[in-house]
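Counting begins at 1 with the first residue of the sequence.
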Amino acid sequence: MKNLKNIYLKSLIGFAIVTISLSSCDKQLEIQPKDQIDASQALTTSAGVDASIATVYATLKGEAFYGNRLIGLAEALADNGQATNKSGRYLNEASNIRGAHFTNWTASYVALNRINIVLEALPGIADASDARKLQYEGELKFLRALYHFDLVRTYAYIPGAIVASQDKGGVPILLKAINTADAALSAVTPRVPIKDVYAAVYADLDIAVANLGNLTNSAFANKQAALALYSRVALYNKDYARVISLSNDLITARGNTLLNASNYFAGFTGIRNPESLFEVTYTLENEGIGVNTSLHTLFTTLKTRLGAPKRDSTDNYAGRRATDRKIPVGGTAGFGDLVPTLPLLNALGITVTNNGTNQTLITNRSNDIRNSMFEVGSSLRSNPHVESTKFLGKAGFVNVDNIPVFRIAEAYLNRAEAYAEAGPQQNIALALANVNTIRTARGLTPISALIGSALIDEILLQRRIEFAFEGHRFFDLKRRGQEIFKPVSNSTLQFDNFVILPGIPQGDVDASNGTIAQNTGY
């Protein structure tokens, strides 16, 4: 039976076979038995620490994490994504079927225990300076905060948006290493109140912000990434004054790096997005999670792009007809299992006719440059749809893409929402200013004279467009306690429906002696 005790044992076993490969500056980890070293060697040198931390980063590439489900499910469970049935994947998820949900619980606790083991080993790393140890601590606590936050926002309700009759609390917090078999077998890790999880995340991020250096490589934890995570966590926690302060610090540190109509397409099609503060990165082709599960194959049937959309009305957006995609440039690479719903396409400023037929045609695009990331797919597998091409082999290989987890655009929209919720009239003006910063950068005209719910609606609309198919939409609706309209079935999922939360692995519930309560409905 799987349970948290076995998870901790698994993490210990993982450290007993740590593999080091420091052949590149990106600290790539290759699992090769001939290179195995034992845990005592791994955690006495900085090289061993680097390799151990690399395993924690590598976990984020997995299917249960940013490699697939933390991104794709946030579109499918909400109103942004519809399933095409081209491979049978994501049909249940897009229909919000019981059990078709997030699955990051088990691997998260393996990663958390590994983080704690390394943290507790830091004082004994003889070849690392005190400054380097502080950097390590900041990096590890950024990662620990990210894993805990992703657990609590998926498996629990979010502050201010709680169904009291179904609330079973937060998630277990793991802040100390379980580093022996006896400790693993005797561990007691109960669900704690939601507020306690947020407090633990805050504490880790305070240290991460203090210890980390400025952004030099978005593949690794850095001060700006820590500020971005902190801003997001505070927004979920309805801690609006903190959101404003953190966003101010982040925007000041980052400078004016928003992409605009002249460079947006190039920025999103480059290997690394210039707006990124932290990305889950892939350097080698064999780091991808495969043709059946990558974001590339999930979102699109295409292998290469046609290029930025032509906006000359005389050619009627040539290259965006389904007939032009029967033999796409470079062939077909993915399945396109999850595609944008018509309401999302409309919000993006895309007019499409006969979507999902052999005559799918984009007939018009607004000036919003963000719609350049959406194209008619290939007709080789079945009738084409308009698809998201945000993940299209940017590392040079199909099914291998860097995944932006935090972009600077989020700081402006977080700050806009915080100002709007704070209330006073001067804050309304500041909220509008932040929204307009995003709108004008993306090719839209500024707005004015919006207050109250109309202003909030505009901010949420810009979040929906800005982060379409980047894994935000479900969580934005969930944290605000909103119902979810499902365009394909023309039905509404009420916020008090138990399927808003996933089930916890039943083995952990059974083995916890009542300290881990299963979510309602499972």
Side-chain angles (χ1 to χ4, degrees), residues 28-31 57-78 80-97 99-108 110 150 154 279-305 325 327-340 356 373-405 469-471 474 488 502 505:
Q28 295 304 317
L29 187 74
E30 298 176 355
I31 305 303
Y57 282 110
T59 299
L60 296 174
K61 301 176 186 181
E63 182 181 359
F65 294 90
Y66 292 95
N68 182 291
R69 296 182 76 80
L70 279 181
I71 304 293
L73 271 177
E75 311 300 324
L77 294 174
N80 275 0
Q82 67 179 70
T84 62
N85 199 24
K86 291 186 177 182
S87 74
R89 301 182 190 94
Y90 266 69
L91 286 171
N92 288 341
E93 289 85 346
S95 298
N96 299 85
I97 299 299
H101 221 301
F102 293 104
T103 55
N104 54 313
W105 177 278
T106 299
S108 292
V110 171
D150 282 341
T154 54
E279 293 189 345
V280 172
T281 60
Y282 300 81
T283 308
L284 307 174
E285 185 173 11
N286 63 6
E287 291 182 275
I289 60 174
V291 66
N292 292 321
T293 52
S294 72
L295 288 177
H296 186 160
T297 198
L298 176 62
F299 289 158
T300 182
T301 55
L302 303 179
K303 187 173 183 179
T304 58
R305 292 183 175 85
R325 278 303 192 183
I327 306 178
V329 179
T332 297
F335 286 92
D337 294 308
L338 193 73
V339 299
M373 291 292 100
F374 296 81
E375 298 184 17
V376 174
S378 168
S379 60
L380 290 179
R381 294 198 186 279
S382 65
N383 287 340
H385 294 76
V386 177
E387 301 169 346
S388 170
T389 64
K390 284 187 174 181
F391 303 95
L392 201 62
K394 290 182 292 190
F397 314 103
V398 295
N399 301 306
V400 179
D401 261 307
N402 292 343
I403 303 160
V405 178
F469 280 65
E470 293 183 52
F474 173 75
V488 174

Verify side chain to side chain contact (heavy atoms under 4.5 Å, CB included) between H296 and V398, making sure each step is shown before the conclusion. CA-CA 7 Å; H296 186 160; V398 295; 4.1 Å; yes
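- From H385, atom NE2 reaches atom CD of Q82 across 5.0 Å, with rounding to the nearest 0.5 Å.
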Go through it in stages, so that I can follow the logic: the residues are I71 and I403, the test is side chain to side chain contact (heavy atoms under 4.5 Å, CB included), and I'd like the CA-CA distance, side-chain angles, deciding distance and then a yes or no. CA-CA 9 Å; I71 304 293; I403 303 160; 4.1 Å; yes
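- Scanning for side chain to side chain donor-acceptor pair (under 3.5 Å) contacts around D150 gives Y66, R153, with sequence neighbours left out.
- Across G377 and P384, no two heavy atoms sit closer than the pair O-CB, 3.4 Å.
- For the atom pair CG of D401 and NZ of K61, the computed distance is 12.5 Å after rounding to the nearest 0.5 Å.
- Across every non-hydrogen atom of L77 and H101, the tightest pair is CD1-CE1, 3.6 Å.
- In this structure, CD in E375 is found 5.0 Å from OG1 in T389, a value given to the nearest 0.5 Å.
- In this structure, the side chains of T300 and L392 come closer than 4.5 Å at one or more pairs of heavy atoms.
- For the atom pair R89 CZ and T297 OG1, the distance stands at 6.5 Å (nearest 0.5 Å).
- Nearest approach of A94 to G81, heavy atoms of both residues: CB-O, 4.4 Å.
- Considering all non-hydrogen atoms of both residues, Y90 and A83 come closest at O-CB, 3.5 Å.
- For F469, the ring-ring contact (aromatic ring centres under 6.0 Å, His included) partners at least two apart in sequence or on another chain are F299.
- Between N68 and E63, the side chains place no donor N or O within less than 3.5 Å of an acceptor N or O (distance only, hydrogens not considered).
- The backbone N or O of T84 lies less than 3.5 Å from no partner atom in the side chain of D337, so there is not a single donor-acceptor pair.
- Summarising the geometry of N399 relative to S294, their closest heavy-atom pair is OD1-OG, 2.9 Å, with the distance given to 0.1 Å.
- Atom OG1 of residue T301 and atom NZ of residue K86 lie 5.0 Å apart, to the nearest 0.5 angstrom.
- Judged as a ring-ring contact (aromatic ring centres under 6.0 Å, His included), and not counting sequence neighbours, the contacts of F65 are Y147.
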Dump the intermediate steps for side chain to side chain contact (heavy atoms under 4.5 Å, CB included) on N292 and F335, then the final yes or no. CA-CA 8 Å; N292 292 321; F335 286 92; 3.9 Å; yes
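- Minimum interatomic distance between V386 and V339 (heavy atoms only, all atoms of both residues): O-CB, 3.6 Å.
- One finds the CG atom of L70 at 8.0 Å from the OG1 atom of T103 (value rounded to the nearest 0.5 Å).
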